[in-house]
Amino acid sequence: MNSRGQDHEAAEAPGLYVHVPFCARRCPYCDFYAVSALELLPRYVDGLAAEARLAAPAWPAPFETLYIGGGSPSILSREGLTGLLAALAPLDLSRLKEITLEANPEDVGPEQADLWAETGVTRLSLGVQSLDDRWLGEVLGRNHNPDQTLAAAALLKDRPFTLNFDLIYGLPLQAPADWGRDLTRTLELAPDHISTYSLTAAPGTALARSMEAGLLPPLPPPDQAAELFLLSGQVLAAAGFKRYEVSNFARPGFESRHNLKYWRRTPYLGLGPAAHSFDGRRRWANVSSVRRWASALSSGVRPLAFEEIPDEKAIRLEQVMLGLRLAEGLPEEALAAASRVDEFIASGHLTREAGRLRPTEKGFLVADRLAVELTE
Ligand code: SF4
């Protein structure tokens, strides 16, 4: 069986996501759910155990991947991380092939690295964001500096982890040469996987307020952001990385098994406050509050913020939208009813190859819009 066949076979087993909603402090651009009240940790671990017990009967198949995200899972002590893993005991984790843990560079030290290896973590996703202090501190307000990232990378180099580095581009006044330098410096640290996200100023964040008040320059206009997006593809492809999803690049064989499940619409269970789940038909999300989430679970009630069964039109849009985020694209028959496929092939946004329609670099840039226009 070829490697893509293996990926698809693996992708059918469900994934498990655990949201760790604790951070030392809030980064100004962040709109994830996270709190700094670490005293809630025991309540959180009890809540996870209750949620795992409640979910287990509906999720009998072995999970193939576990993704411990946040928040900042790397701030968990030995007691916190082992408590979290013990809370998952009602679920079948006997066939896990990938365990990812998100880590902040400032939390990486020999003891933490030993703990993660001992507890079975196979993949570390490091929140590098930038190796340039001009943006890392003032704009992104991160708790670490570039030297801490270099030290973390040096320490992890000989450990048994697959390494992902998260990077942010599209920063105020960031020129292509700046972004190219960040990518080149990142490649020197020899990661296996790189995720690149365009900075957004989500309403209500401190970053958005600073920009509205004129304290920070605005985000680059769309044409400049597009230039940076295409530059990522060029620099990383030249270093042997493939853009296998709009924002994600990997050396061959190092794609994130867990994240592929999201894009391939494979079921996944999300535990913890603000976690999302999909069982192949229904989608739901938990409430974004440790206290309300834990209190519902202590009464045996699912801590839902919403639950829905998408209608056929929504499912079709979602299938095409997710499919066009991936380099593997969609089977041609999935777009058999779409009248504009040839137009998008002629315009260089799609290619037709071996019975599949795949986005080009230019297509990745506007993947969501293509999906909407192809399903109208
Ligand atoms: S460390 Fe991550 S999750 Fe925590 S506040 Fe910063 S961006 Fe948000």
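These values consider heavy atoms only, across backbone and side chains, with no hydrogens, waters or symmetry-generated copies. The structure presented is a predicted model; accordingly, all values stated were derived computationally and were not measured. Whatever order the structure lists ligands and atoms in, that order sets their numbers, starting from 1.
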With sequence neighbours excluded, what pairs up with Glu318 under the side chain to side chain donor-acceptor pair (under 3.5 Å) test?
Arg265, Arg283
Look at the aromatic rings of Phe344 and His349 and report parallel, tilted or perpendicular, splitting at 30° and 60°.
perpendicular
Plane angle bin for His258 and Tyr17 - parallel if under 30°, tilted between 30 and 60°, otherwise perpendicular
tilted
A cation-pi test, strictly: NZ or CZ of Arg159 under 6.0 Å from the centre of the six-membered ring of Trp116 and no more than 45 degrees from its axis. Yes or no?
no
When you check the side-chain N and O atoms of Arg257 and Tyr67, is any donor under 3.5 Å from an acceptor?
no
By number and element, which atoms of ligand 1 are closer than 4.0 Å to a non-hydrogen atom of Tyr29?
7 (S)
Where is the nearest protein heavy atom to atom 2 (Fe) of ligand 1: which residue, which atom, and how far?
Arg142 NH1, 4.0 Å
Going by chain and residue number, what protein N/O/S atoms come nearer than 2.8 Å to atom 4 (Fe) of ligand 1?
Cys23 SG
Under a 3.5 Å threshold, yes or no: a donor from one side chain and an acceptor from the other, between Trp135 and Gln129?
no
Can a salt bridge be assigned to the pair Asp46 and Arg43 using a cut-off of 4.0 Å between side-chain N and carboxylate O?
no
